[in-house]
Amino acid sequence: MSKNLTKRSEDYSKWYNELVVKADLAENSAVRGCMVIKPYGYAIWEKMQAELDKKFKETGHQNAYFPLFVPKSLFEAEEKNAEGFAKECAVVTHYRLKTDPDDSSKLIVDPNAKLEEELIVRPTSEAIIWSTYKGWIQSYRDLPILVNQWANVVRWEMRTRLFLRTAEFLWQEGHTAHETRGEAIAETEQMNNVYANFVENFMAIPVIKGRKTESERFAGAEDTYCIEALMQDGKALQAGTSHFLGQNFAKAFDVKFTSKEGKQDYVWATSWGVSTRLMGALIMTHSDDNGLVLPPNLAPIQVVIVPIYKGQEQLEQISIVANELVTDLRAKGISVKFDNRDTYRPGAKFAQYELQGVPLRIAIGPKDLEKGTVELARRDTLSKQFVAKDDVVTTIETLLKEIQHDLHQKATNYRDEHITEVDTFEEFKEVLENKGGFLSAHWDGTIETEQKIKELTKATIRCIPFDAKEEEGNCVYSGNPSKIRVLFAKAY
């Protein structure tokens, strides 16, 4: 597995694309704009999925599954949602092909098989789910409904990039129904916190929690909460969103319930989701010019053992020690691989596991057997140490926790060093161009100013941080009065 990666400092975009492919995470498919997630990449996604699924269930949610297709009339029911996604929709118009009468080797759409109603391939599932909830909800006794689904969605993107933006991607989407406004807002906040906890503690990526501006909100939402992360190239990435939908979808689909007092009211709603875009965040936050760097919590292989030997006899002797270590590490819940393939030299194996970001690598040779030691190498720092065989398991347990912590700390330091307060538009442009990162600036609260800044600089308001302090100031662009700083950045 050849590394030969472009350096991040030379071309960050090219480095990212090469790394995704060379580390065997994903590749472009025969379908324009769609990707094949390869087994190693999917194994990382599965670990994300398992941890998130556990967190969802701990907060009372259940998994369900809804159709991939949404009748056009249902999709149109909530106008803002339909308008927001219309340009990205793939539409099914026919249900059958037939042989071309002029060329029997080709198939054409059967004009007699036109659907009575066109079907939208889901870009998001609010419409189909809320049309379903209408049959599930009659009384306050039927509430709350706390449902999540793991699914694929299609958004017909013109410019695609593996994991970050593809025409089809994998995600989870939660859709909940509540009796009161307060309950729905509490749910929106709770799920944004669940995402933040996961991304911080399992992905080792620091995030800023906040709310989106009106123009950046999810189409059809009254409010959108988000977590924003900063990548190594100084661009922001939206890592998760949680939406308070108010009663918009309940009104669009006439979903009412009888309250305890016997009155009819519309249901209150939320939706929330994260996607395989998190894979992009993981890669871009931690990885280096040598390849992937994975936090131990999400590494499919946490420890790899590579034997260094000449001849079958040496391999057999090393294998006895290696297999003992495998048994002991697995007993501690640590995922380990003993790579005893004889088709690759040790150097090639080292290169592969460095490229694929395996947190710890053990090398065992004949001299190690004599001394009763192993060589232990860290992927994040590329440092090596010799450890007594009897101390290996406890050393590895300690190091895995240390690596997880250190990766988070390193990313936090970078993020904090790249939050810059700016007070003039000249300063804004200069910092954005030369330093990047988050720009903390006053904004007058108008969509016009927000759009003008985006038009002039390509920077958007990533969020209004929840912990932002109120302070009197003047908008960085218009000079009009402002009471709070927001975070601007160029973003993925």
Asker: Just so I know, are the side chains of P295 and I403 near enough to count as touching, which here means a heavy-atom distance under 4.5 Å?
Answerer: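 Result no, sub-4.5 Å side-chain heavy-atom pair not found.
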Asker: To the nearest 0.5 angstrom, please state how far the CE atom of M203 sits from the CG atom of N197.
Answerer: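 Answer rounded to 0.5 Å: 13.0 Å.
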Asker: Taking all non-hydrogen atoms of both residues into account, name the closest pair between Y16 and G280 and its distance.
Answerer: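 For Y16 and G280, the tightest heavy-atom pair comes out as OH-CA, 3.5 Å.
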Asker: Is there a donor in the side chain of Q409 and an acceptor in the side chain of N413, or the other way round, less than 3.5 Å apart?
Answerer: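 Note: Q409 and N413 side chains meet the donor-acceptor criterion.
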Asker: So among F428, Y477, F438, which one has a ring pair (Phe, Tyr, Trp, His ring centres under 6.0 Å) with F488?
Answerer: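 Looking at F428, Y477, F438, the match for F488 under the ring pair (Phe, Tyr, Trp, His ring centres under 6.0 Å) is F428.
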Asker: Quick one, E450 and E214 - any side-chain contact, counting heavy atoms below 4.5 Å?
Answerer: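 A side-chain contact under 4.5 Å is absent here.
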Asker: Looking at F56 versus F198, is the centre-to-centre ring distance below 6.0 Å?
Answerer: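 No, they do not, as the ring centres are separated by 6.0 Å or more.
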Asker: Once rounded to the nearest 0.5 Å, what's the spacing between atom CD1 of I419 and atom NZ of K435?
Answerer: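 The CD1 atom of I419 sits 9.5 Å away from the NZ atom of K435.
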Asker: Please indicate whether E402 has more than 12 foreign heavy atoms, meaning atoms of other residues, nucleotides or ligands, lying under 6.0 Å from its CD.
Answerer: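 Enclosed: over 12 neighbouring heavy atoms sit under 6.0 Å from CD of E402.
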Asker: Would you please classify the geometry between the Y133 ring and the W136 ring as parallel, tilted or perpendicular, with 30° and 60° separating the classes?
Answerer: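 Ring orientation, 0 to 90° scale: tilted.
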Asker: So among K212, K209, R415, which one has a salt bridge (charged side-chain N to carboxylate O under 4.0 Å, His left out) with E228?
Answerer: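 By the salt bridge (charged side-chain N to carboxylate O under 4.0 Å, His left out) criterion, E228 pairs with just one of K212, K209, R415: K212.
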Asker: Test Y225 against F466 for ring pair (Phe, Tyr, Trp, His ring centres under 6.0 Å), laying out the working first.
Answerer: CA-CA 9 Å; Y225 297 171; F466 289 140; 5.2 Å; yes
Asker: With respect to S271, which candidate in H175, E173, H243, E126 satisfies the side chain to side chain donor-acceptor pair (under 3.5 Å) definition?
Answerer: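 When H175, E173, H243, E126 are each tested with S271, the side chain to side chain donor-acceptor pair (under 3.5 Å) holds only for E126.
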Asker: Knowing that exactly one of T224, T188, N192, D223 qualifies, which makes a side chain to side chain contact (heavy atoms under 4.5 Å, CB included) with R211?
Answerer: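 That would be D223.
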Asker: Taking C-beta and beyond as the side chain, do M48 and L278 meet within less than 4.5 Å on heavy atoms?
Answerer: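 In short, these two side chains touch, coming nearer than 4.5 Å.
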Asker: So E187 and W272, do their side chains get closer than 4.5 Å, heavy atoms only?
Answerer: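 SC-SC contact between W272 and E187 confirmed.
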Asker: Within the 4.5 Å heavy-atom criterion, are V121 and V91 side-chain neighbours or not?
Answerer: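 Answer no - side chains too far apart.
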Asker: Is any side-chain heavy atom of D53 closer than 4.5 Å to a side-chain heavy atom of N63?
Answerer: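 Contact flag for D53/N63 side chains = yes.
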Asker: Determine whether H94 and L115 make a side-chain contact, defined as any pair of heavy atoms from C-beta on separated by less than 4.5 Å.
Answerer: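 The answer is no; the side chains never approach within 4.5 Å.
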Asker: Calculate, to the nearest 0.5 Å, the distance between atoms OG1 and NZ belonging to T99 and K106 respectively.
Answerer: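 Here the rounded value is 13.0 Å.
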